[in-house]
Amino acid sequence: MAKLIFRLLLSFVVFVGIFMVIQDFLTPESFGKYGHYRANAIDDNKLVTPQYKGEQKCASCHEDIYDLKSETMEFDEDEYILHSNLKCETCHTPKIDANTDCKVMPPKIESTREMCGQCHSYQVSRKNKIKMIDLADHNVEKNCIECHNPHKPWIE
Amino acid sequence: MDRIDKNRRKFFQTSAALVGGTLFYSIVKPFESNAQVIEENEDKTINPLWGMGVDIAKCIGCGKCVSACKTENKVPKEPFYFRTWVEQYTVKKDGEVKIESPNGGMEGFEQSVPNEDIFKSFTVPKLCNHCTKAPCVQACPVGATFVSPEGLVLVDETYCIGCSYCIQACPYGARFMNPIKKVVDKCTFCYHRISEGLDPACVEVCPTEARIFGDLRDKSSDLVKFLQKNPTQTLKPHLNTHSRVFYNQLSSEVK
């Protein structure tokens with residue numbers, strides 16, 4: 001073939017070759033293993049330390065409170081779940097990560113009317129889903145926990 | 001005369017060879033897999049396919065899931081960074097729909113419309129839908145976001161260039177730019193928890209069990225039972241994202 005064509009083809013092949021070498025050098029390992037992404041990134045996403053420990057961890061030390069909370073209300077031969085299915089950490093937000101003893105920073109909470117109201121305040125969107133209370137009406141001067149034990153909220 | 005004929009003949013021969021070769025290749029290519037040796041897969045475990053169910057009939061809009069997610073995943077506290085959030089829909093008797101999400105619903109909601117004007121009202125928790133055909137994965141120019149073999153849409157923080165194409169592409173508004181890490185952040189179904197057999201933080205704290213998490217391939221999981229019992233829908237099904245978050249009692253007003 002003509003000299004020019006040969007030279008063009010040769011330089012094309014050389015540049016493509018150099019490009020492929022550089023690309024191979026720069027692509028991280030594990031890229032392309034499962035698709036067009038770095039497969040090791042899946043394991044990178046696991047490197048977060050969990051904060052929430054689960055109920056059983058709380059129950060291992062605070063067994064008495066856990067047993068109290070697990071009681072259901074019996075009324076008229078019906079069983080009402082109330083707070084018995086509620087997890088400890090729903091209200092007691094953990095302050096430190098799951099691998100540390102909770103005595104380091106105990107998850108204490110401010111029991112205010114607003115705190116109980118976050119779930120129990122009257123809203124039309126909550127009808128038939130949860131027992132609601134009108135906070136502006138019901139014992140306005142008192143804190144909820146003065147009458148209702150949050151771990152056994154019904155009054156016999 | 002001779003030289004012209006020889007070149008023309010050579011041209012026709014070369015082009016016929018190229019076309020014939022391409023035709024032959026295109027016929028043979030579909031049968032390429034027959035020639036490949038099937039290697040024994042040492043890892044015989046079948047990956048789970050994670051999904052989530054949301055029961056709007058149970059959600060009370062307390063916002064505990066929103067704050068749990070922020071605590072668990074160290075999401076910035078400012079009110080525009082959410083991996084999951086709750087929206088309150090109030091449909092008035094005159095037909096007007098009011099949608100509110102004060103601080104993502106983190107401190108709960110207040111009823112802004114008087115009782116007598118409300119026709120119906122409900123709260124909808126939202127999060128990344130981990131779509132099987134995720135538009136965000138398609139939009140990423142570098143391959144920093146992907147659908148993992150377990151079905152989760154994850155972000156590779158070392159690869160993301162921060163262009164935000166994926167944030168624009170997501171029809172559910174689930175992604176955001178993390179101001180500290182300067183890369184894209186989103187719900188990961190708490191991958192660090194589910195790979196240890198725990199539930200995601202939002203599922204763990206929900207007081208009414210309105211969020212159900214599980215493996216779609218495991219017939220005994222809570223999620224599969226939830227899907228069998230209830231007529232569920234996904235958000236924006238017309239976009240064909242094949243989302244894997246299923247809502248029970250999803251109203252047509254939900255965007």
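Below, read A as the first sequence line, B as the second, and so on, with proteins coming before strands; counting in each chain starts at 1. Worth saying up front: this structure is predicted, and the values here are computed from it rather than measured.
- Pairs passing the salt bridge (Lys or Arg N to Asp or Glu O under 4.0 Å) check and including a residue from residues 70-94 of chain A, sequence neighbours excluded, read Glu71(A)-Lys152(A).
- For chain A, no part of Glu150(B) is nearby; none of its heavy atoms comes within less than 4.5 Å.
- Between the NZ atom of Lys70(B) and the CD atom of Gln51(A) there is a distance of 14.5 Å, given to the nearest 0.5 Å.
- Residue Lys74(B) touches chain A through its side chain alone, counting heavy-atom pairs closer than 4.5 Å.
- When each of Ile56(B), Thr123(B), Thr71(B), Thr188(B) is checked for heavy-atom pairs under 4.5 Å with chain A, Thr71(B) comes out on top.
- In this structure, chain A has no heavy atom under 4.5 Å from any part of Tyr89(B).
- Each of Thr145(B), Asn115(B), Ile194(B) has some count of heavy-atom pairs under 4.5 Å with chain A, and the biggest count is that of Asn115(B).
- Aromatic pair Tyr34(A)/Phe146(B): ring centres not closer than 6.0 Å.
- Contact of Val113(B) with chain A is not made at all, since no heavy-atom distance falls under 4.5 Å.
- Side-chain contact between Ser148(B) and Asn45(A): absent, with no pair of heavy atoms (C-beta onward) separated by less than 4.5 Å.
- Only the backbone of Val147(B) has a heavy atom closer than 4.5 Å to any heavy atom of chain A.
- The part of Leu86(A) that comes within reach of chain B is its side chain, from C-beta onward, which places non-hydrogen atoms under 4.5 angstrom from that chain.
- Heavy-atom pairs under 4.5 Å with chain A peak, among Ser195(B), Ala201(B), Pro149(B), at Pro149(B).
- Thr208(B) OG1 to Ile81(A) CD1: the interatomic distance, rounded to the nearest 0.5 Å, is 11.0 Å.
- A 4.5 Å side-chain heavy-atom check between Val205(B) and Tyr52(A) finds at least one atom pair inside the cut-off.
- Annotation for Phe176(B): atom CZ counts as buried by contact number, over 12 foreign heavy atoms lying within 6.0 Å.
- Counted within 6.0 Å of CD on Glu253(B), heavy atoms from surrounding residues, nucleotides or ligands total more than 12; the atom is thus considered enclosed.
- Residues from residues 14-29 of chain A that place a non-hydrogen atom less than 4.5 Å from a non-hydrogen atom of chain B comprise Pro28(A), given in numerical order.
- For the set Cys65(B), Ser67(B), Cys206(B), Cys59(B), the entry with the most heavy-atom pairs within less than 4.5 Å of chain A is Cys59(B).
- Of all the heavy atoms in Glu72(B) and Val48(A), the pair that sits closest is O-CG1, 4.2 Å.
- Once rounded to the nearest 0.5 Å, the distance linking CG of Asp44(A) with OH of Tyr191(B) reads 11.0 Å.
- Note that CG of Leu47(A) is 10.0 Å distant from CD of Glu157(B), once rounded to the nearest 0.5 Å.
- Heavy-atom pairs under 4.5 Å with chain B peak, among Met132(A), His36(A), Arg38(A), at Arg38(A).
- In Lys181(B), the NZ atom is crowded: over 12 heavy atoms of neighbouring residues, nucleotides or ligands sit closer than 6.0 Å.
- Using a 4.5 Å cut-off between heavy atoms, Ala144(B) does not touch chain A at all.
- Counted within 6.0 Å of CE on Met105(A), heavy atoms from surrounding residues, nucleotides or ligands total 12 or fewer; the atom is thus considered open.
- A 6.0 Å sphere centred on NZ of Lys255(B) holds no more than 12 heavy atoms belonging to other residues, nucleotides or ligands.
- Qualifying salt bridge (charged side-chain N to carboxylate O under 4.0 Å, His left out) partners for Lys93(B), counting only residues two or more places apart in sequence or in other chains: none.
- Chosen from Glu107(B), Gln111(B), Glu196(B), the residue pairing most often with chain A at heavy-atom distances under 4.5 Å is Gln111(B).
- Of the two parts of Ile118(B), only the side chain, counted from C-beta on, holds a non-hydrogen atom closer than 4.5 Å to a non-hydrogen atom of chain A.
- Taking Gly35(A), Cys88(A), Ala41(A), Ala39(A) one by one and counting their heavy-atom pairs under 4.5 Å with chain B, the maximum is reached by Ala41(A).
- Environment of NZ in Lys131(A): sparse, with no more than 12 heavy atoms of neighbouring residues, nucleotides or ligands closer than 6.0 Å.
- Among residues 112-129 of chain A, the residues having any heavy atom closer than 4.5 Å to a heavy atom of chain B are, in sequence order, Met115(A), Gln118(A), Cys119(A), Tyr122(A), Gln123(A), Val124(A), Ser125(A), Arg126(A), Lys129(A).
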